[in-house]
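First the structure, in the form of structure tokens, and then the observations on it.
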Amino acid sequence: MNNEEVAAIFERIADLSEIKGEIIYKTLAYRKAADSIRNLGADVEAIHREGKLLDIPGVGKAIAEKIDELLTTGKLNFLLKLEQEVPPTLVDLLKVPDIGPKKAAMFWKKGGITTLAELEAAARAGKLRGLPGMGEKSEARIISGLEALARRSKRLSIGVALPIAIRWVEWLRKLPGVEQAEAAGSLRRRKITIGDLDFVAAARDPKPIMDAFIHHPEVQRIAGQGENKSSIEAAGGLNIQLWIQPPERFGTLLQFVTGSKEHNVRLRELAQKKGLSLSEQSISRADGSEQTYADEKGVYAALGLPWIPPELREDRGEIAAALAGKLPHLLVRSDLKADLHVHSTWSDGAATIAEMAAAARERGLKVLAISDHSGGLGVAGGMSVEKLHERRAEIESVQEKMGDSLRLLQGAEVEIHADGSLDYEDEVLAELDVVVASLHSSLRQPREQITERLLRAMRNPNVDVIGHPSGRLLPNREGADLDWERVLAAARETGVALEINAHPARLDLDEVYARRAAEMGIPLSLNTDAHAPDQLDLIEYGISAARRAWLEPEQIINTWPPEKLLAWLQNRGRKTH
DNA sequence: GCCGTTTTCGGCCCGACTGTTTTCAGTCG
């Protein structure tokens, strides 16, 4: 079982326990454990083998035993029993807005409802309104919620969500009375996929702003409206929240709405230990006095912490690091000197080498590898060896024109065949300055096979970088089922760099493995995979991904001074394994 | 069910919004 599967089991236990009416702190413990497992970056099976399950935060004796049973026998009696007590289909009801564990349990016990279909039938027949705590309005909200659920978009990739969010923020900032407005929530933390959009605004009088918000032309449904907080549904089932506080309370508001929820819980626990109470409005003392904060920095300072960058606010150790003065100094765009993975018209790119080079120079890069596809990838118009040799002259000619301002490298993105062999012979690879080896096809091979395949490519001393290692496409296509323990071990052994592909549909290597890889001393390479000049700006998404992985500049070879990077590339081929 | 620079037992974040159970519970972030 992989981490995701184990995590999903504990989330299921949490959902069912909550409906069963188990004390809330037990269900929170299951959720916390699920989260931890998902964020491990290491294989839970490997940790199990080493007998180190108790080292996982939020995993104690009881949960460790459950993991052990799960990984040893493939099933979990505790869950099987739970599913006898609580109809498993009830967890589907929790997805409906306004239905939580209490209502789900009530529908089941008092109304005999266990499935979404039964719920909808009962609601439309007017049979919900007689149940405890249910009136006509609640029944109508359930129907509306069921419809919203059907319309609701899947999570958006950050590349789709960010431009939408920017548009809304600009609209908000133009409203009279709005002194500040920001996108908060998971978008501000730059998660790779976004569920809802959350905006915060500072204003003296919130009413006209809330009014404008719920009457925005894109609003399809008003899910809630109040003085400080309103919630709407926009086109495509996208849910959007707006929170408003006066300017002097904007700091606590922005902090609160940025989240994550888990980060905020830790922060509030910390506040409590200091005899303080943190909310979106202020920090208050036991005597009732309160202090307001216009910016976030003040909020963190009041708790004895340096400001924590939003990308780190996931309760993955950032508060402990902040307390110890050991927050990473995260990568910023100006740190990046090189892009080792861009395409040109020699394969499936839209721009010439000269155009890509000019765009790279404009953006302050010092090194650019033209890494067109090898011949094997038919759809992408990959280069035959002959074409590759022809291209060499053009790169050299553009290099002459660029002079010292930009160093162009002869590169290729070489296809890793289904058996792990590469698309070009070793002699051809050896002629190149940079070899990025990537999986594009047969991604559904079984774990053992696809892992071996990738490892074979990594062990080729001509390979410098493994491009978008998992091959995932966000938000829907899962990556290859790789044995990450072996992949990371092989990367450490061979010294090959793992790519963080900045394209917002990839962001691959995933942040949890990127963080672990960096901790293991594995070099990482942050590249755009640009197929046109303006796609060089997609690097922003990659930077966010790297920041979420706690990466510091020196862990990314693209930040190295050009001489150091070139020396590293030249020495790669001579490595013995 | 987890966890410990106050604790191995007794805690475990805080407030807005909604609808209904006329004083509060449920849901959400």
Side-chain angles (χ1 to χ4, degrees), chain A residues 10 13-14 17-19 21-36 53-67 78 93-107 128-142 144-145 184-186 189 195-200 206 210 214 222-231 239-245 249 252-253 255-284 290 303-304 315 320 323-324:
Chain A
F10 284 102
I13 293 175
S17 303
E18 229 176 346
I19 296 171
E22 191 58 88
I23 59 164
I24 188 67
Y25 298 110
K26 274 197 192 186
T27 69
L28 285 174
Y30 289 124
R31 286 192 208 288
K32 165 74 186 158
D35 239 28
S36 272
L53 288 175
L54 291 172
D55 291 353
I56 301 173
V59 173
K61 191 163 167 286
I63 291 182
E65 280 172 7
K66 290 181 176 68
I67 296 174
F78 178 82
L93 269 53
L94 301 178
K95 294 189 212 121
V96 181
D98 298 321
I99 297 185
K102 298 282 168 38
K103 282 209 185 102
M106 187 276 290
F107 288 146
L128 290 185
R129 65 186 69 175
L131 295 171
M134 296 291 296
E136 279 183 46
K137 278 189 180 175
S138 298
E139 187 175 80
R141 273 182 87 88
I142 299 290
S144 156
S186 54
R189 303 197 312 277
D196 305 336
L197 294 179
D198 297 282
F199 299 102
V200 292
M210 282 302 183
I214 61 175
I222 299 168
Q225 51 182 313
E227 202 177 330
N228 298 311
K229 177 189 160 188
S230 294
S231 175
N239 287 318
I240 305 180
Q241 272 89 240
L242 174 64
W243 312 65
I244 305 178
Q245 288 287 336
R249 297 180 190 271
T252 39
L253 177 68
Q255 194 290 315
F256 167 70
V257 183
T258 297
S260 66
K261 187 172 166 43
E262 293 74 20
H263 173 86
N264 288 353
V265 169
R266 297 288 160 260
L267 224 49
R268 287 170 176 204
E269 285 171 359
L270 188 64
Q272 274 202 322
K273 282 181 192 156
K274 294 179 181 290
L276 304 170
S277 173
L278 169 64
S279 80
E280 59 264 51
Q281 303 207 1
S282 64
I283 294 180
S284 52
E290 68 167 4
L303 301 174
D315 188 26
L323 281 170

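Below, chain A is the first sequence line, B the second, and so on; all start at residue 1.
- When the C1' atom is used for both B/dC13 and B/dG29, the distance is 12 Å, rounded to whole Å.
- If you check every strand for non-hydrogen atoms under 4.0 Å, A/R266 touches nothing.
- Nucleotides B/dC12 and B/dT6 place their C1' atoms 16 Å apart, quoted to the nearest Å.
- Salt bridge A/E280/A/K229: absent, no basic N to carboxylate O contact under 4.0 Å.
- Looking at heavy-atom distances under 4.0 Å, A/K103 makes contact with sugar-phosphate atoms alone, never a base.
- Centre separation under 5.5 Å together with a plane angle under 30° holds for the ring of A/Y25 and the six-membered base ring of B/dC12, marking them as stacked.
- Here B/dT5 presents its P atom at 16 Å from CD of A/Q272, a figure rounded to the nearest Å.
- Of the candidate nucleotides B/dC13, B/dC17, B/dG29, B/dC13 has the atom lying nearest to any side-chain atom of A/E269.
- Backbone-only contact: A/Y30 has heavy atoms under 4.0 Å from sugar-phosphate atoms and none from a base.
- If you take atom C1' in B/dC2 and the same atom in B/dT7, they sit 14 Å apart, rounded to whole Å.
- In terms of position along DNA chain B, the nucleotide closest to A/T27 lies nearer the 5' end than the nucleotide closest to the other residue of the pair A/R268 and A/T27.
- Heavy atoms of A/K26 sit under 4.0 angstrom from at least one base atom.
- In this structure, the CG atom of A/D55 is 11 Å from the P atom of B/dC3, given to the nearest Å.
- Regarding A/L28, its CG atom lies at a distance of 14 Å from the C1' atom of B/dG29, rounded to whole Å.
- Figure legend. B/dT8 is base-paired to no nucleotide; pairs are counted as Watson-Crick or G-U wobble with both atom distances under 3.5 Å.
- Taking atom C1' in both B/dG19 and B/dT23, one finds a spacing of 13 Å when rounded to whole Å.
- Atom CD1 in A/I63 sits about 8 Å away from atom P in B/dC3, given to the nearest Å.
- Rounded to a whole angstrom, the distance from the C1' atom of B/dT27 to that of B/dT20 is 14 Å.
- With distances taken from any side-chain atom of A/K229 to the nucleotides B/dC14, B/dT27, B/dC28, the minimum falls on B/dC28.
- For the pair A/K66 and A/F10, the NZ or CZ position fails the cation-pi test of under 6.0 Å to the six-membered ring centre and within 45 degrees of the ring normal.
- A donor-acceptor pair is defined here as one N or O able to donate and one able to accept, closer than 3.5 Å; no such pair exists between the side chain of A/S186 and the backbone of A/R189.
- Taking the charged nitrogens against the carboxylate oxygens, A/R249 and A/E290 do have a contact shorter than 4.0 Å, which makes a salt bridge.
- Residue contacts shown for A/K32 are absent, as no nucleic acid heavy atom lies under 4.0 Å away.
- Across all strands shown, A/V59 has heavy atoms under 4.0 Å from sugar-phosphate atoms exclusively, and none from any base.
- The gap from the C1' atom of B/dG4 to that of B/dT8 amounts to 8 Å, rounded to the nearest Å.
- Remark on DNA chain B: of its neighbouring residues A/G58 and A/V96, the 5'-side contact belongs to A/G58, judged by nearest-heavy-atom nucleotide.
- Backbone-only contact: A/E136 has heavy atoms under 4.0 Å from sugar-phosphate atoms and none from a base.
- Among the protein residues, A/I23 comes within range of the nucleic acid bases, having at least one heavy atom under 4.0 Å from a base atom.
- The residues A/K273 and A/E269 are annotated as not salt-bridged, no charged nitrogen and carboxylate oxygen being separated by less than 4.0 angstrom.
- Following rounding to the nearest Å, A/L94 (CG) and B/dC28 (P) show an atom-to-atom distance of 8 Å.
- Here A/G135 lies in heavy-atom contact (under 4.0 Å) with sugar-phosphate atoms only.
- Taking a cutoff of 4.0 Å between a charged side-chain nitrogen and a carboxylate oxygen, A/K32 and A/D315 qualify as a salt bridge.
- As rounded to the nearest Å, B/dC17 and B/dT21 have P atoms that lie 22 Å from one another.
- Distance, A/N228 CG to B/dC28 C1': 15 Å, rounded to whole Å.
- Regarding A/E262, its CD atom lies at a distance of 17 Å from the P atom of B/dC2, rounded to whole Å.
- For the atom pair OG (A/S17) and NZ (A/K26), the distance works out to 8.0 Å, reported to the nearest 0.5 Å.
- Whole-Å rounding puts the A/M106 CE to B/dT21 P distance at 11 Å.
- At the heavy-atom level, A/S230 lies nowhere under 4.0 Å from the strands shown.
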